[in-house]
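This report refers to the structure that appears directly beneath it.
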Amino acid sequence: MRNSDENWNNLFGEYAVDETAWYGDWTVYSPNQIVISSKQAIRGFRSNSGNTVITHMNRYVVADGNIEEKTWQIERATCNQPDGVVHPAMPFMRALSFGEGATAWIAPRFVPGKSFGVEFFFRNNNWRTSVAIVYGENGCLDRIVHIQEHLDYFSDKPLSLEASEISGNWIEKKRSMTADLSISPEEAIQLSFDQFSSHHKMISLPSNLILMLPERVNIDQPIQIAAAQRTAEHQLKYFVAHYAVTGAFTSLISASMQRNV
């Protein structure tokens, strides 16, 4: 199977002709974690019988309680590219997936003078958390979009507002995906988050989410953008996107981690 076909199946293989809908609370933060805006929205997906066309619908709940809807067709024949799936609404981004909800939207290249960013998705049964990290045309961190979703309905379960912290050494089982969508076998290594502290801004968000990111991106420096979600007292799910000094995307890492206590 081609890498691109495996990636398509990891992204969309679970969808059927009946719609799968994620009901979410969307919050936009400034770089200093000030809430800029918030809203509720539903992200819906359904497949045709051959899984060759995915219909993606976003329904936004507006101030008067009405629904505004946007719909896109993601066609396998044209959108399934060797470097990831192209969404018609965001042709400058690519969708990558390891399967089982471990998914990311990444910019295939950082280009000075243009906006740049990534979005990571964390799946935990009927809950899904995503975070989009967006840099402006000047290369500075512009905003963070945090989305907490529940399958099939809006949940009245409150988000965890407790600030999470990560430090020390962790044992991780990781997989890597390169720019050609090749996925490495799972391997176990040890990681220390202390290495991020001097070069990256650490941000804690609701739903036990921790971001590790540069406040500014530059073309002559490698870029590393990471996010982790605490799933239990000593467990984390983790993503990191790597870019070379040329601005080209090089690898995406997905890992499950256990604190080395």
Are the side chains of [X] and [Y] in touch, meaning some heavy atoms are under 4.5 Å apart?
X	Y	value
Ile133	Arg143	no
Val217	Pro214	yes
Leu151	Thr20	yes
Phe120	Ile225	yes
Met1	Asn9	yes
Arg123	Phe121	no
Val35	Val28	no
Tyr60	Ile42	no

Might you point out which heavy atoms bring [X] and [Y] nearest each other, and give the distance in Å?
X	Y	result
Asn7	Gly84	ND2-CA, 3.9 Å
Ser4	Pro82	CB-CA, 4.4 Å
Tyr15	Ser47	O-CB, 3.7 Å
Glu68	Val62	CD-CG1, 3.3 Å
Phe249	Ala107	CB-O, 4.0 Å
Gly136	Asp142	N-CB, 3.7 Å

Separation between [atom1] of [X] and [atom2] of [Y], rounded to the nearest 0.5 Å:
X	Y	atom1	atom2	answer
Arg128	Asn125	CZ	CG	14.0 Å
Cys79	Leu11	SG	CG	11.5 Å
Leu181	Ile183	CG	CD1	8.0 Å
Asn3	Thr178	CG	OG1	7.5 Å
Ile144	Glu119	CD1	CD	12.5 Å
Leu213	Ile203	CG	CD1	5.0 Å

Requested in this report: Check step by step if salt bridge (Lys or Arg N to Asp or Glu O under 4.0 Å) holds for Glu186 and Lys173.
Outcome: CA-CA 6 Å; Glu186 185 177 77; Lys173 293 182 178 180; 5.1 Å; no
Donor-acceptor pair, [X] side chain versus [Y] backbone, under 3.5 Å?
X	Y	value
Ser251	Ser176	no
Ser97	Gly99	yes
Gln33	Ser204	yes
Arg94	Pro91	yes
His200	Gln224	yes
Asn124	Trp127	no
Tyr135	Lys114	no
Asn138	Cys140	yes

Query raised in the report: Between His87 and Trp72, is the gap from one ring center to the other below 6.0 Å?
Result: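 Yes, the ring of His87 comes within the 6.0 Å limit of the ring of Trp72, centre to centre.
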**Report entry** Aromatic ring proximity, centroids under 6.0 angstrom, Phe116 and Phe110
**Finding:**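 Ring centres of Phe116 and Phe110 closer than 6.0 Å.
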Report task. Using the side chain to side chain contact (heavy atoms under 4.5 Å, CB included) rule, take Leu209 and Phe122 through it: C-alpha gap first, then chi angles, then the decisive distance, then the call. Result -> CA-CA 10 Å; Leu209 198 66; Phe122 299 88; 3.8 Å; yes
Query - Salt-bridge criterion met for Asp5 and Arg76 (N-O under 4.0 Å) - result: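 Counted as a salt bridge, because a side-chain N and a carboxylate O are separated by less than 4.0 Å.
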Requested in this report: Determine whether more than 12 heavy atoms belonging to other residues, nucleotides or ligands lie under 6.0 Å from atom CD of Glu100.
Outcome: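 No, because the 6.0 Å sphere around CD of Glu100 holds 12 heavy atoms or fewer from other groups.
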Query - CA sep, side-chain torsions, deciding dist, call: Tyr23, Tyr153, ring-ring contact (aromatic ring centres under 6.0 Å, His included) - result: CA-CA 5 Å; Tyr23 289 67; Tyr153 59 88; 7.5 Å; no
Report task. Return the orientation label for the Phe12 and Trp8 ring planes: parallel under 30°, perpendicular over 60°, tilted otherwise. Result ->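 Rings of Phe12 and Trp8: perpendicular, as their planes differ by over 60°.
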Requested in this report: Could you label the plane-to-plane angle of the Phe98 and Phe239 rings as parallel, tilted or perpendicular, counting under 30° as parallel and over 60° as perpendicular?
Outcome: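 Geometry flag for Phe239 against Phe98: tilted rings.
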Is [Y] reachable from [X] through a run of I, L, V, M, F, W or Y residues, each pair having side-chain heavy atoms under 4.5 Å apart?
X	Y	value
Val118	Leu211	yes
Met212	Met257	yes
Ile253	Leu236	yes
Ile74	Ile106	no
Met93	Leu96	no

Query raised in the report: Under the side chain to side chain contact (heavy atoms under 4.5 Å, CB included) criterion, do Val61 and Ile67 qualify, and how do the steps go?
Result: CA-CA 5 Å; Val61 181; Ile67 301 294; 3.6 Å; yes
Strictly by modelled atom types, are [X] and [Y] linked by a side-chain donor-acceptor pair under 3.5 Å?
X	Y	value
Thr55	Gln73	yes
His146	Ser130	no
His150	Asp152	no
Asn32	Ser30	no

Query raised in the report: Where do Glu19 and Arg59 land on the salt bridge (Lys or Arg N to Asp or Glu O under 4.0 Å) test, with the steps shown first?
Result: CA-CA 13 Å; Glu19 183 180 341; Arg59 303 180 182 96; 2.8 Å; yes
**Report entry** Candidates Lys237, Glu149, Gln229 - the one meeting side-chain hydrogen bond (donor to acceptor under 3.5 Å, both in side chains) with Thr129
**Finding:**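 For Thr129, the side-chain hydrogen bond (donor to acceptor under 3.5 Å, both in side chains) test succeeds with only one of Lys237, Glu149, Gln229, which is Gln229.
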Query raised in the report: Given Gln40 and Trp26, is the side chain to side chain contact (heavy atoms under 4.5 Å, CB included) satisfied, shown in steps?
Result: CA-CA 6 Å; Gln40 288 188 314; Trp26 299 34; over 6 Å; no
Report task. Decide side chain to side chain contact (heavy atoms under 4.5 Å, CB included) for Val131 and Leu205; before the verdict, give the C-alpha distance in whole Å, the side-chain angles of both, and the deciding distance to 0.1 Å. Result -> CA-CA 10 Å; Val131 58; Leu205 294 175; 4.3 Å; yes
